[in-house]
Structures are given as C-alpha cells and as structure tokens.
Number of protein chains: 2
Amino acid sequence: MNTHAEPNPEHQHTSAHDHSTCISDALTTAEHLCAERGVQLTPIRHKVLELIWASHQAVKAYELLDRIKPLQSAAKPATVYRALDFLIEQGLIHRVESLNAFVGCRCSGHQHEQLLLICKHCHEVEERTATEVMQALSDEFKQAGFIVHSKAIEVHGICAKCAESSADNAELLA
Amino acid sequence: MNTHAEPNPEHQHTSAHDHSTCISDALTTAEHLCAERGVQLTPIRHKVLELIWASHQAVKAYELLDRIKPLQSAAKPATVYRALDFLIEQGLIHRVESLNAFVGCRCSGHQHEQLLLICKHCHEVEERTATEVMQALSDEFKQAGFIVHSKAIEVHGICAKCAESSADNAELLA
DNA sequence: AAGTGTTATGTTATACTGTAACGACAATTT
DNA sequence: AAATTGTCGTTACAGTATAACATAACACTT
Ligand SMILES: [Zn+2]
Ligand SMILES: [Zn+2]
Ligand SMILES: [Zn+2]
Ligand SMILES: [Zn+2]
C-alpha cells in the first residue's frame, strides 16, 4: 500500500532524550484529563496508550494487538480499535492516515491543528504547531469558501536526525 | 476506518460545469503526455483513468474494480492497482491517503505540491496550488531540518457548494 | 435486594484494502 | 534466434477495519 520502508526499531532515536519520562508524562496527563472529563481510562485503554508511547514511531493497530495479547488474552481487533477510537476522541493520540498507524500526541489532549513530520527512515513522527502554515491554510480556506473540520497535515520525508546520521547515504535523500 | 460519510452520488455537483469536457480534456491530455514520454496508456489504464474522471469525487479501488469488470471480465484487484500505480507515477491522478481513494489530477501530469480540499458531504476533492501555504511549509521544514519527499496536504471539511446548498442544515457545520 | 440504564468488553463473522509471486505473451533489442 | 522488457492473467494471501450481537460490570433508583 505504501512506498514507505517498514518500521525499524534499529532506527529509533532513543538516545536523544530520557524517553521514560515521555511515557510517564503522557500517561499521568492522560489519567488526569480523563478524570477531569469523567471518562474512563480503563486498563485496556491505558495499556494501548502506553504501548503507543513506547516509541515516537507510529504504531499499527495489529502490532498493538500482538503486544497486548500476552496481557489481555481475549484481545481481538475490535478491542484495539475501540481503545484507539477512545484515545483519538480524547485527543490523546493521532491517527496517521498515510501510514494507517497511530502515534501519541504531546499536546495535552485538546483538539488542535497539527503538522506531522513523518520520517520515512525511522518512522518517528514529529508534531509541530506551525502557526504560520496554519494561518496560510486558514486564508486559503476562506478564499475557497471551505469549512474545515480537521487539519491533519501529514508530510513524509527524512527527519533531521536521520539526515545527519546518514548524510553519506545517498538513498535517503533521493 | 474513516468517520466520513459514504460517497453519495446524489451530492455530486454536476450542474455547475460541463463535466463531459473535464473527462475528455483529461483523457486527451493523458494520451498526449504518455505518447511524449514513451509510456503506454493501455486500454485498461485508459479505462481506469476515465472511470476516475467520471466524477470529481474520490473513487475507491474496489469501486473501480466493480465498474471495470463488465468491460474487462478478467479484472482482479491487481489489475486495478497496477493501473492506479501507473497513473500515479505519471502524475495523472492523486491518491487520497485519508480516504484510501483516488481522484483525477488537473495539473497536466507533472509532479507538484498540492492542497486537497476534501468535502465530507459530496466527497468531491478540490485541488489548489496554495502557494503561500507551501511557502510557509518550506520555511517550517527548513527550521525543523526536515527533508521533504511528498507534500500531499489533505484537509477535510465542507465545500463551498455544499455549505451553500444546505446552509440551513446544521448537521453539516458541526 | 432487585430492577434499570449505561458503558465497556467479549465474540464471531465478515468486509474492505492491498501485495507477492509466477507464468504467459508480445514487442523490442542484441 | 535468444534475451530482455513490459504488460497482463491468475492464484493466493496479508493486512486493515467494522458490524452485529452477547455478556459483564457498574452506578443508580426503588
Ligand atoms: Zn520520548
Ligand atoms: Zn528519521
Ligand atoms: Zn468536471
Ligand atoms: Zn461538498
């Protein structure tokens, strides 16, 4: 379906930051938000969120299913998709349309405009606010008379870290 | 998979222009381009392109398969996907990632940056150049050190025609 | 305690989307 | 002629997602 390379754990940029705090921050934020909103971050939903935050790479639904099965042996596709639906509704994750995959959202669970930079090499997804891009988009919509419901801007390419770590690797820059 | 409504032929805005010229223009342009490039716009590819141009709505691969079967009884999924791959390579159609669907490209078969405005109501896709958006994106990529491979910007909402024709229909503007 | 409503989950089956692999065939090149 | 290339037929399968219905868990009322 996609021309993108397979996700590759080797390409994770784990060393650049203390990722354990990414995970715990995301989880505690989610717990607080769900409590405030009176919605239930059930064990299944919590676990799916944790699995998604295991990396900054976009994760596929069936990968999640495989990973959750040891813990939740009854898990079926619907189990995962329901949890994903919930997490998306609550603004805790993004669906990456162009990958059929899911990634954690750092933006505290509010709906917001997003620019997703998706690395073809390491599959990590960087989320940026990109105020000026969004402003330019708004102008464009106004011109077109288009009423926007979602601005999920997904762009594929090579992230700064991958470009640097393989500047001599011509294939990436094609 | 998507929260979008099903494609609905009733919602096509056929009256706004002489769509028969859209189709014939697209086909003759494609024929010329392929001839120039020395690539083959075979009967199957030609037919798929024609079916895609039957409307300005994004069309799904298996819809194309159903529609081509009466004419090409041997048609299988691979038949359609191969034709789609070819047409995408030649820049004659776009893949709409967020719909898993395909739409004709008006831009004469050259690779280019695109802003696709996708109407949730009529499923028509409007392609815009959006120079300023693209410039703002370039700046953002430069800042992020991101090397872009594709800029397929897809935005979902309600098109001007649908908004107008159902201004009293609150559901659309939600 | 028993009944009721709501949300979440289990379960089965199925639909939809996309690709791999191989062989047949024709046109072109060497 | 032999090799190469491009297209298509064919089979089989992999991967993605949802429908439909049953059950469980819980909170709330009576
Ligand atoms: Zn991290
Ligand atoms: Zn990368
Ligand atoms: Zn038209
Ligand atoms: Zn519309």
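Sequence lines set the chain letters: A, B, ... in the order given, protein chains first and strands last, and positions in each chain run from 1. Basis for what follows: all heavy atoms, side chains included, without hydrogens, waters or symmetry-related copies.
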With a 4.5 Å heavy-atom cut-off, do [X] and [Y] have their side chains touching?
| X | Y | value |
| --- | --- | --- |
| A/P77 | A/L65 | yes |
| A/R106 | A/H56 | yes |
| B/L137 | B/I153 | yes |

Assess whether side-chain hydrogen bond (donor to acceptor under 3.5 Å, both in side chains) is satisfied between B/D139 and B/Q135, documenting all intermediate values.
-> CA-CA 6 Å; B/D139 295 347; B/Q135 184 55 56; 3.1 Å; yes
By side chain to side chain donor-acceptor pair (under 3.5 Å), which residues pair with B/D85, not counting sequence neighbours?
-> none
Quick one: side chain to side chain donor-acceptor pair (under 3.5 Å) partners of B/S20, sequence neighbours excluded?
-> B/D18
Spacing between [X] atom [atom1] and [N] atom [atom2], to the nearest angstrom:
| X | N | atom1 | atom2 | value |
| --- | --- | --- | --- | --- |
| A/L64 | D/dA17 | CG | P | 11 Å |
| B/L84 | C/dC16 | CG | P | 17 Å |
| B/L65 | C/dC16 | CG | C1' | 12 Å |
| B/Y81 | D/dA14 | OH | P | 17 Å |
| B/D85 | D/dC8 | CG | C1' | 14 Å |
| A/D66 | D/dT16 | CG | P | 10 Å |
| A/K69 | C/dG10 | NZ | P | 13 Å |
| B/L99 | C/dG18 | CG | C1' | 16 Å |

Taking for B/F102 and for A/V39 the nucleotide of DNA chain C with the nearest heavy atom, the one nearer the 5' end belongs to A/V39
Under 4.0 Å between a side-chain N or O of B/K60 and OP1 or OP2 of C/dC16?
-> no
Would you say B/N100 reaches C/dG18's phosphate, i.e. side-chain N/O to OP1/OP2 under 4.0 Å?
-> yes
Can a salt bridge be assigned to the pair A/K161 and A/E164 using a cut-off of 4.0 Å between side-chain N and carboxylate O?
-> no
Kindly state which residues belonging to residues 71-80 of chain B come within less than 4.0 angstrom of DNA chain D, counting heavy atoms of the residue only, listed by number.
-> B/Q72, B/A74, B/K76, B/A78, B/T79
May I ask you to decide if the ring planes of A/F146 and A/F141 are parallel, tilted or perpendicular, using 30° and 60° as cut-offs?
-> tilted
Can you name the atoms? Protein N/O to nucleotides 5-7 of chain C N/O, anything below 3.5 Å, with the distance.
none

Within a radius of less than 6.0 Å around CD of B/E132, do more than 12 heavy atoms belonging to other residues, nucleotides or ligands occur?
-> no
Hey, mind stepping through B/F86 and B/V39 against side chain to side chain contact (heavy atoms under 4.5 Å, CB included) and telling me if it holds?
-> CA-CA 10 Å; B/F86 171 86; B/V39 295; 3.9 Å; yes
Residues passing the salt bridge (charged side-chain N to carboxylate O under 4.0 Å, His left out) test with A/R128, sequence neighbours excluded, are A/E126, B/E140
What about A/L71 and A/I44, same hydrophobic cluster or not, with Ile/Leu/Val/Met/Phe/Trp/Tyr joined at side-chain heavy-atom distances under 4.5 Å?
-> no
Ring-base stacking, B/Y62 with C/dT17 (5.5 Å, 30° cut-offs) | yes
Is there a donor on the side chain of A/R82 or the base of C/dG10 sitting less than 3.5 Å from an acceptor on the other?
-> yes
Strictly under 3.5 Å: I want the nitrogen or oxygen pairs between protein and nucleotides 25-30 of chain C, one per line.
none

